[in-house]
Each structure stands twice: as C-alpha cells, then as structure tokens.
Amino acid sequence: MTKNKYLFPFIMITSLFFMWGFVHNLDPILIPHLKRSFSLSTLEASLVDSAVFIAYFVMALPAGFIMKKYGYKTGIILGLALFAIGSFLFIPAANTQAYVFFLGALFIIACGLTILETAANPYASLLGPPETATFRLNFAQSFNGLAATAAPIIGAKIILIEGISDEKLSKMTASAREFALASEASSVKTPYLVLGSIILVIAIIFVFLKLPEIVETEEPGDKATDHTLLDAFKHKHLRWAVLAQFFYVGAQVCVFSFFILYATKAAEIDQQKAAGYAGIGMGLAFLIGRVLGTFLMKFIKAERLLAIYAVASMVLCVLAIVTHGTISLFVVIGIAFFMSIMFPTIFSLGIKDLGKDTKFGSSLIIMSIVGGAILPPAMGYVADIADIQIGYIVPLICFAVVFLFGVTGHKVVKRT
C-alpha cells in the first residue's frame, strides 16, 4: 500500500467508504423525521430501510456483471453517478410531499451504493498483499465509522428542525396541519443537494484517475473458462458469508435506525438529544470499535475476534430489552462498538481464496445486504404490537448467526 501505484487509489477508495457511510447514517434521522411528517407507524417508517436495502438485492448481481465485464473503475463511476442522481431527487420529492417519492429517491441512491460497495470492498481488500487484506479492509471501513459519527450530528441540526409542537398541531385544522408538517419535511433539500454535489465532484475525479486494475489469480485446478455465478456459490464458506452478512446487516440497521425511537422510549429523552447520542455515542463507539478491532487483528485471528464480538453483542441485546434510563443508551452504544468489525470481517473471510470467483462472490455478499430491508420491518412490527425494547429479540437472533460463522462457517473447503 506504500507503493505509489497503490497509495493514492487506496486513499480515493477509502473516501467512498466515508461517503456511503455518511448517507446510510442519515437514515436514522430520516425515519423519525418522515414518521412525524407523514404520520406513519413504526412499521411504515421502517420502509426507509426497506427501500434502501431492497436495492442491494436488486442491483448486486448486475453490479457483479458490470465489474466482471468492464472492471472496477467503471463500476465505481456508475455507482457514484446513481448516488448523485438519487441525492438530487430529494428536491422534487420534497416538493411533491409524497412519501413514496422519498422512498424512490432512496432506492436510486442505494442502487449506486450497491455498485460502489460491490466494487470498493473487494478492491480495497485486493489492493495490496493478501496477508493484510482483512486489516486493510477494516482500515478503510474505519472511515465508515467516522461517517457514522458525523452524519447523525449534522443531520439532526439540519433535518430535525424544531417544528410545531404536537399540542399545537392537534388544535389545527387538517389542511393547516398537513401544510405545517409538509414544511418540516422540506428540510431534507439542502443536505441532499450538498451531498449530491460532492458525490458528482468525486465521480469526475474518478473519471480522470488512473486506477490499477486488480487481476484475481486462479486457484490450482481452475479451468481457463469464464466462471459463473453458480461456480462462485459452490464455495461453502461463501454461502456461510452470504447468510452471516444477511443477518448482520439486518441487525445493524435495526440497532442504528431505531436508536432514536428506542432512546425516546427507554431513556425518555427528546429526539434532538437522542440524535446527539446517536452521533457522538453510537458513531464514536462504532469508529473506536473498528480501529481497536483492526489493531487486535494483529494478535487475534479475525474469525475468532468476530465470534467474541458476536457473543458480546448478544449479551447487550438482552440488556437492551430489560434496562431503562441512561444505562439503556450505553448498552445500545456498546452494541455499536461490537458490531464495528463485523461487515468487513465477514466480507473478507467470505471472498478469501475465491480466485476468479471473487467478483461474483462479492456480488453475492453485497446482495445479502437485503437483510437490512427484511429484518427492520420485523423489529418495527414487534415494536408496534409490543414494545421497541422487546424488538431487540430480532438483532439478538442475528448475532447468533454471525457467531456461528465466526466459529465454523468461515472455514475454506478446497474444491476438488
């Protein structure tokens, strides 16, 4: 990575981790904001996550084909273009005041993110010596953690404007109340306009940037023919990685996206204060956990550390169900700490020794991010019929699957 041909490309690739981390971590701000603006149930508000993560399911395989045919650079530029377009669409979505249009804009952003993640994760992993691949990917993902700190703080100040009180709203006529809430919904225009503009500039830089194309080496015994998606799925550890990533992403989205709703219920604080905990607490915990985890991987095998972190997350999920007050906030912040290494570690262990199947393997793991679309509505449903704290049963089950991957599922079985 210290070689000139790898250093600047790695810096630019790392910047992508920050940008998609930033937009992902605006979603926990959007959920309570749109929930209020459109008078949604918790289940309906969770469709913000569904719109984002369904895109990962839809676009992951096309992203793999794009990468295989045109290379990583083309994929990155296309992903950035969709990212920018989706961000700009927040302006007409706010003007029309239709919830479905917001979901559509988020879907387009997520299509771009899918292509970016399908390209950037394996590219960062492969851009250097194989023995440091997991360390390198965790380092790049640390900037995702930095974004998790910045986005809620910035988003809360710009998007979660202090609107008209519920008491005043209840005394308004239906049309006046609708107009007032519509005005609050429009606060999303400026942050997404700025975000789209920054992404557009980055895309232009990548157009003129010379990226070294990584050529995956074939495994002994590989035939000199194009590998297919089914060939990639024959790897047992890849199948396990797809399953583990499905449940991990579902757990992460549940914990992050419902944090503000959880905090207002369990700790009885307002949304602005909850957003502060989300940024400073959750974001910093995620970032510190990632940096510390990356350091610990020099001494502890990645799969073993993954299993340890999964067990800790399961224990904290139980505590999140039964605790109240400020302690409950620190319990959930602790979950963010232990989730920090899971995505990149599952990813790098999943594509290990795939050879020519790496790009399709990457697509399959990114495709499994659809767990972020399926599991949050399950938690939202539990929250609506019971309690948001009881909903932590959902991420508890998810971390159990991650634990199994860390214990046994990661093991590479050589094909004969």
Side-chain angles (χ1 to χ4, degrees), residues 15-40 44-56 58-59 77-117 144 147-148 150-163 178-204 253 256-257 260-261 271-272 275 278-279 369 372-373 376:
S15 74
L16 301 180
F17 285 81
F18 179 86
M19 295 313 300
W20 78 58
F22 190 89
V23 73
H24 270 314
N25 286 283
L26 284 179
D27 290 348
I29 302 297
L30 277 178
I31 287 176
H33 179 67
L34 297 179
K35 184 178 188 292
R36 170 182 163 86
S37 298
F38 293 99
S39 302
L40 306 172
E44 289 169 333
S46 73
L47 292 179
V48 166
D49 288 322
S50 296
V52 170
F53 291 101
I54 285 173
Y56 279 88
V58 172
M59 283 299 296
I77 294 169
L78 178 58
L80 287 168
L82 288 172
F83 189 168
I85 290 169
S87 298
F88 291 138
L89 285 175
F90 263 71
I91 297 171
N95 290 337
T96 57
Q97 295 301 327
Y99 183 48
V100 67
F101 287 174
F102 279 104
L103 298 180
L106 285 166
F107 179 83
I108 293 172
I109 289 175
C111 285
L113 298 185
T114 306
I115 300 173
L116 283 181
E117 294 197 44
N144 196 283
I153 297 172
I154 296 172
K157 292 186 179 299
I158 300 174
I159 296 174
L160 288 180
I161 59 175
E162 188 173 350
E178 184 178 344
F179 178 79
L181 292 174
S183 298
E184 291 183 22
S186 295
S187 64
V188 300
K189 289 182 182 179
T190 300
Y192 279 90
L193 174 62
V194 172
L195 182 63
S197 300
I198 293 171
I199 295 302
L200 197 57
V201 170
I202 294 175
I204 293 170
V253 175
F256 273 88
S257 291
I260 292 177
L261 296 177
Q271 290 188 356
Q272 288 282 351
I369 290 176

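Numbering starts at 1 and runs along the sequence shown.
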Distance check, rounded to the nearest 0.5 Å: [X] atom [atom1] versus [Y] atom [atom2]?
{"X": "I91", "Y": "T190", "atom1": "CD1", "atom2": "OG1", "value": "8.0 Å"}
{"X": "L89", "Y": "Y192", "atom1": "CG", "atom2": "OH", "value": "12.5 Å"}
{"X": "L116", "Y": "L82", "atom1": "CG", "atom2": "CG", "value": "8.5 Å"}
{"X": "I202", "Y": "S15", "atom1": "CD1", "atom2": "OG", "value": "5.0 Å"}
{"X": "F88", "Y": "L195", "atom1": "CZ", "atom2": "CG", "value": "9.0 Å"}
{"X": "T114", "Y": "W20", "atom1": "OG1", "atom2": "CH2", "value": "10.5 Å"}

If you look at every heavy atom in [X] and [Y], which pair is closest and at what distance?
{"X": "A373", "Y": "S50", "value": "O-OG, 3.0 Å"}
{"X": "C111", "Y": "A55", "value": "N-CB, 3.7 Å"}
{"X": "G196", "Y": "A84", "value": "O-CB, 3.7 Å"}
{"X": "L106", "Y": "A51", "value": "CB-CB, 4.5 Å"}
{"X": "F22", "Y": "A147", "value": "N-CB, 3.3 Å"}

>> Checking F83 against I198 for the side chain to side chain contact (heavy atoms under 4.5 Å, CB included) test, could you report, in this order, the C-alpha distance in whole Å, the side-chain angles of both residues, the deciding distance, and whether it holds?
In response: CA-CA 10 Å; F83 189 168; I198 293 171; over 6 Å; no
>> Go through it in stages, so that I can follow the logic: the residues are L16 and L80, the test is side chain to side chain contact (heavy atoms under 4.5 Å, CB included), and I'd like the CA-CA distance, side-chain angles, deciding distance and then a yes or no.
In response: CA-CA 9 Å; L16 301 180; L80 287 168; 3.8 Å; yes
> Can you name the residues that form a ring-ring contact (aromatic ring centres under 6.0 Å, His included) with F18, not counting sequence neighbours?
Replying inline: none
